[in-house]
Protein chains: 4
Amino acid sequence: MQPPETRPLGRPRSERARRAVLDATLALAEEEGPAGLNMEAIARRANVSKETLYRWWRSKTEVVLEALAERGQRTIPLPDTGSLQDDLGAFLRATVDSADPTTVRLLHAVAAAAAADEAVAHEVRDRFLVTRRAALGQLLGRAVARGDITSSYAALAIDLIYGCLWYRLIFDVGPLDYGWADEVADGIAGTQGPRDVTVG
Amino acid sequence: MQPPETRPLGRPRSERARRAVLDATLALAEEEGPAGLNMEAIARRANVSKETLYRWWRSKTEVVLEALAERGQRTIPLPDTGSLQDDLGAFLRATVDSADPTTVRLLHAVAAAAAADEAVAHEVRDRFLVTRRAALGQLLGRAVARGDITSSYAALAIDLIYGCLWYRLIFDVGPLDYGWADEVADGIAGTQGPRDVTVG
Amino acid sequence: MQPPETRPLGRPRSERARRAVLDATLALAEEEGPAGLNMEAIARRANVSKETLYRWWRSKTEVVLEALAERGQRTIPLPDTGSLQDDLGAFLRATVDSADPTTVRLLHAVAAAAAADEAVAHEVRDRFLVTRRAALGQLLGRAVARGDITSSYAALAIDLIYGCLWYRLIFDVGPLDYGWADEVADGIAGTQGPRDVTVG
Amino acid sequence: MQPPETRPLGRPRSERARRAVLDATLALAEEEGPAGLNMEAIARRANVSKETLYRWWRSKTEVVLEALAERGQRTIPLPDTGSLQDDLGAFLRATVDSADPTTVRLLHAVAAAAAADEAVAHEVRDRFLVTRRAALGQLLGRAVARGDITSSYAALAIDLIYGCLWYRLIFDVGPLDYGWADEVADGIAGTQGPRDVTVG
DNA sequence: CGGTAAGCGAGACGGTACGTCTTGTCTTATT
DNA sequence: AATAAGACAAGACGTACCGTCTCGCTTACCG
């Protein structure tokens with residue numbers, strides 16, 4: 001029994017080139033910002049031909065998305081304390097931690113591309129947002145299972161939370177720090193807010 | 001003594017050109033979306049020289065912003081029923097109503113420009129978002145005054161709500177319709193969600 | 001009465017750019033040969049944008065043709081001695097004189113482009129060859145008028161002579177010097193060749 | 001004593017691949033002309049790897065030259081009627097016959113490559129033109145032997161005739177048909193032309 | 001019969017030129 | 001002075017072909 005994993009024909013893809021491209025993308029994003037982040041520059045920096053770049057990534061956004069995904073693999077842990085608010089707080093603090101300046105710049109570039117082109121928006125949604133949403137959904141799902149929140153509220157909460165995050169990110173309406181993480185955890189999980197009042 | 005309001009020398013600015021530019025911007029946004037919305041196209045469509053365009057608006061974003069401001073000032077009415085959820089529901093339904101396809105495409109263009117350039121983001125925030133946030137803030141303020149919610153929750157709610165709106169708008173994560181308006185009103189104002197549970 | 005010659009609207013074409021392009025073309029042809037003669041290089045050398053290059057010349061061949069035409073307009077004098085052979089000899093010697101290395105390289109580039117693309121070939125024929133052929137035709141026409149040669153022979157001679165010239169140029173089959181000029185003049189005008197023999 | 005013809009080690013060259021390449025070259029030349037005749041396309045068409053192509057032919061010109069040689073070796077017969085003009089006419093008519101569209105396109109490709117690169121020009125001259133020139137030289141040599149023309153005129157005539165042929169071929173200055181063949185035979189061998197006149 | 005030395009297909013690679021596009025500046029004559 | 005027209009420099013875009021390379025597979029022969 002041979003492994004059914006039969007190698008494809010031809011010269012195998014160069015892992016070196018792939019790494020160089022993703023590293024160059026992150027480096028350029030860090031040093032130049034989204035403005036200086038173009039395919040020409042990535043290719044030059046990575047010592048890779050544009051041919052190779054376009055062979056594996058159809059657009060700049062695809063490159064950025066993959067670079068982001070790779071770096072995001074320092075997975076934001078999914079806490080499970082039995083308390084929605086504590087879980088949410090920890091999750092959002094970890095999310096905030098992962099948003100170093102380079103990542104933030106990349107997210108800006110991604111948002112710009114998505115806003116400008118619906119096809120890109122869908123790509124971003126389906127190849128990047130979806131994983132984060134799934135993680136948060138899992139966390140909220142536990143609260144639903146406990147009966148702490150309804151499932152429809154959980155579904156909405158994902159949009160409220162990530163919406164708030166991107167909103168602040170794009171328009172610089174407020175900081176994304178531990179304070180924000182705790183406020184959102186509190187506001188969504190709800191010891192504060194309307195509920196006390198409603199009771200009365 | 002001359003009148004202090006001394007007319008500037010030379011040919012006065014052409015109101016015709018200004019109107020044509022703003023109209024062309026709206027028309028292009030509607031017909032082509034953010035992709036086809038470039039200075040060249042605006043000038044061509046408006047029968048205006050690029051020179052004139054750049055004389056009066058330093059960038060595409062300024063044009064878009066001004067076009068938006070002109071059309072967007074149909075102020076959304078602030079309902080006052082005594083119930084936060086009802087007020088919020090009515091306000092968000094009105095907001096949804098104002099989001100016709102043309103406006104949505106313009107908002108895409110604005111978001112794209114803001115995401116790509118922090119200075120633009122601040123401009124958008126301070127010249128466009130601020131009035132919307134103030135309106136919602138006023139609505140929420142009444143609930144704070146009634147003691148229905150805390151003021152810090154009100155502040156957060158603004159970000160959650162508008163964040164959710166832009167998030168759906170940019171990434172096409174879900175619809176922006178009456179259903180959404182009611183869900184958000186419910187989720188934020190809170191008969192549903194964690195509160196029942198907290199009570200128990 | 002104003003001159004009916006009304007200037008076209010807009011910024012006039014930059015003579016500086018035109019000159020720079022044609023000069024750069026000649027310089028590159030001289031220094032690099034047909035291989036290094038590409039649009040990118042011409043634009044770089046002339047400090048002109050590719051946009052400008054492509055605005056005024058649709059292809060490399062058009063640039064080369066115009067550069068050639070400019071330099072080639074030192075019209076080769078049409079001698080008129082009453083003797084076809086003398087006229088032809090003088091004309092071909094002058095033609096040989098005009099074929100300095102730069103011109104020769106340009107002619108190579110033109111021939112390459114013409115051979116590769118029939119449309120280019122026709123362009124070259126109608127915009128460049130035609131004037132040369134006309135000149136030679138005029139010279140031969142005088143011999144026809146004198147009754148020295150038939151007009152059909154004159155027509156053929158044009159092809160034979162210029163054909164021989166390009167043939168040697170392209171395939172380096174033999175030199176293009178005064179010796180060649182005299183041989184061809186002799187061979188075509190004919191004191192040598194079949195005629196003596198035919199007499200006998 | 002071993003046979004000096006010792007088979008080389010390893011897998012022998014695939015005759016199938018060689019044939020496929022040459023056939024593909026001819027087919028592409030016929031269907032696409034010199035423009036679509038590139039190594040990538042030849043390899044694709046022949047179901048042969050570019051590696052194989054470059055192993056056996058160092059350049060496109062070598063492939064084309066070999067393809068031409070294969071098909072062109074239907075040696076044009078050398079007539080011997082005792083009359084230069086008749087011989088020439090027959091030879092040129094046969095030459096014209098051999099210039100079917102495919103061959104013509106190949107010749108265009110060869111001319112383009114030769115014009116663009118002197119090394120290629122020499123290769124073409126020494127590997128392709130030379131045999132044609134030799135044939136025509138032999139034909140003219142008989143006329144020289146008969147004393148009909150001088151040997152220097154014969155040498156020139158080769159250039160005049162083939163020059164005229166390539167000139168018409170490359171620049172489409174006139175047809176290459178029996179009419180042309182007869183005119184050239186007449187013009188070179190010379191019952192017409194200057195000679196009658198010279199007599200008088 | 002198993003080892004060794006090519007040839008071969010597939011196809012990725014770095015490189016370079018292409019021709020198009022958009023941005024923002026400039027130079028005219030006209031209003 | 002503002003305008004319409006439009007040329008200009010700059011530079012990224014995505015495509016195409018070049019000639020080289022790296023694989024695994026396929027012939028041959030040779031010991």
Side-chain angles (χ1 to χ4, degrees), chain A residues 6-14 16-18 35-44 46-56 58-60, chain B residues 7-14 16-17 35-41 43-44 46-56 58-60, chain C residues 6-14 16-18 35-44 46-56 58-60, chain D residues 6-14 16-18 36-44 46-56 58-60:
Chain A
T6 169
R7 274 274 245 97
L9 289 181
R11 180 176 177 172
R13 175 171 182 184
S14 160
R16 194 215 115 258
R18 184 177 163 278
L37 189 58
N38 59 66
M39 293 298 253
E40 210 108 274
I42 292 172
R44 205 178 316 121
N47 279 325
V48 145
S49 69
K50 280 172 65 181
E51 167 77 18
T52 297
L53 209 44
Y54 280 101
R55 184 193 307 283
W56 298 110
R58 270 166 309 175
S59 69
K60 182 164 64 182
Chain B
R7 269 278 232 100
L9 289 182
R11 181 175 176 173
R13 174 172 182 184
S14 159
R16 196 213 115 259
L37 191 58
N38 58 62
M39 293 297 252
E40 203 100 62
R44 207 179 315 122
N47 280 324
V48 144
S49 71
K50 279 171 63 182
E51 171 67 20
T52 299
L53 209 46
Y54 278 100
R55 184 191 305 281
W56 298 111
R58 271 169 308 177
S59 69
K60 181 166 63 183
Chain C
T6 169
R7 277 274 244 97
L9 289 180
R11 180 176 179 173
R13 175 172 181 183
S14 159
R16 194 215 115 258
R18 183 174 163 280
L37 190 57
N38 59 66
M39 293 299 251
E40 209 108 88
I42 292 173
R44 205 179 315 123
N47 280 324
V48 145
S49 69
K50 279 170 66 179
E51 167 75 19
T52 297
L53 209 45
Y54 279 100
R55 184 194 305 281
W56 297 109
R58 271 167 308 176
S59 70
K60 183 165 62 182
Chain D
T6 171
R7 268 280 229 101
L9 289 182
R11 180 176 178 174
R13 175 172 181 184
S14 158
R16 195 213 116 259
R18 184 175 163 279
L37 191 58
N38 58 64
M39 293 297 252
E40 205 104 65
I42 293 173
R44 208 179 312 125
N47 280 324
V48 145
S49 71
K50 279 169 63 183
E51 170 68 18
T52 299
L53 210 44
Y54 278 100
R55 184 192 306 279
W56 300 109
R58 270 168 311 176
S59 69
K60 180 165 64 182

*Does C/Arg13 count as lying over the ring of C/Trp56, i.e. NZ or CZ under 6.0 Å from the six-ring centre, within 45 degrees of the axis?*
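Flagged: C/Arg13 positioned over aromatic ring of C/Trp56.
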*Test for a donor-acceptor pair under 3.5 Å between the base of F/dC17 and the side chain of A/Glu51, counting only N and O atoms.*
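Answer yes: a donor N or O sits under 3.5 Å from an acceptor.
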_Taking atom types as they are modelled, would you say the side chain of B/Lys50 forms a donor-acceptor pair with the base of F/dG6 within the 3.5 Å cutoff?_
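No.
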*Mind calculating the distance between CZ (A/Arg18) and P (E/dG14) to the nearest angstrom?*
15 Å
So, is [X] close to the [N] phosphate, meaning a side-chain N or O under 4.0 Å from OP1 or OP2?
{"X": "C/Asn38", "N": "E/dC18", "answer": "yes"}
{"X": "D/Arg13", "N": "E/dA6", "answer": "no"}
{"X": "D/Thr52", "N": "E/dG9", "answer": "yes"}

*asked:* For a quick check of understanding: with a heavy-atom distance under 4.0 Å over all strands, which category does D/Arg16 fall into, base, sugar-phosphate or nothing?
replied: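 It contacts sugar-phosphate atoms only.
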*Give one of base, sugar-phosphate or nothing for C/Arg44, where a contact means two heavy atoms less than 4.0 Å apart.*
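C/Arg44: no heavy atom of the nucleic acid under 4.0 Å.
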Side chain of [X] only, heavy atoms from C-beta on: which candidate in [options] is closest?
{"X": "D/Trp56", "options": "F/dC18, E/dG7, E/dG14", "answer": "E/dG7"}
{"X": "D/Ser49", "options": "E/dA10, E/dA12, F/dC13", "answer": "E/dA10"}
{"X": "D/Leu9", "options": "E/dC18, F/dC13, E/dA5", "answer": "E/dA5"}
{"X": "A/Tyr54", "options": "F/dT15, F/dC18, E/dG19", "answer": "F/dT15"}
{"X": "A/Ala17", "options": "E/dG24, F/dT15, E/dG14", "answer": "E/dG14"}
{"X": "C/Arg11", "options": "E/dC8, E/dT23, F/dG6", "answer": "F/dG6"}

*asked:* Quick test of your reading of the model: are A/Arg44 and A/Glu40 salt-bridged, counting only N-O distances below 4.0 Å?
replied: no
*Could you pick out which residue, D/Ser14 or A/Arg55, lies toward the 5' side of DNA chain E when each is mapped onto its nearest nucleotide?*
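The residue whose closest nucleotide sits nearer the 5' end is D/Ser14.
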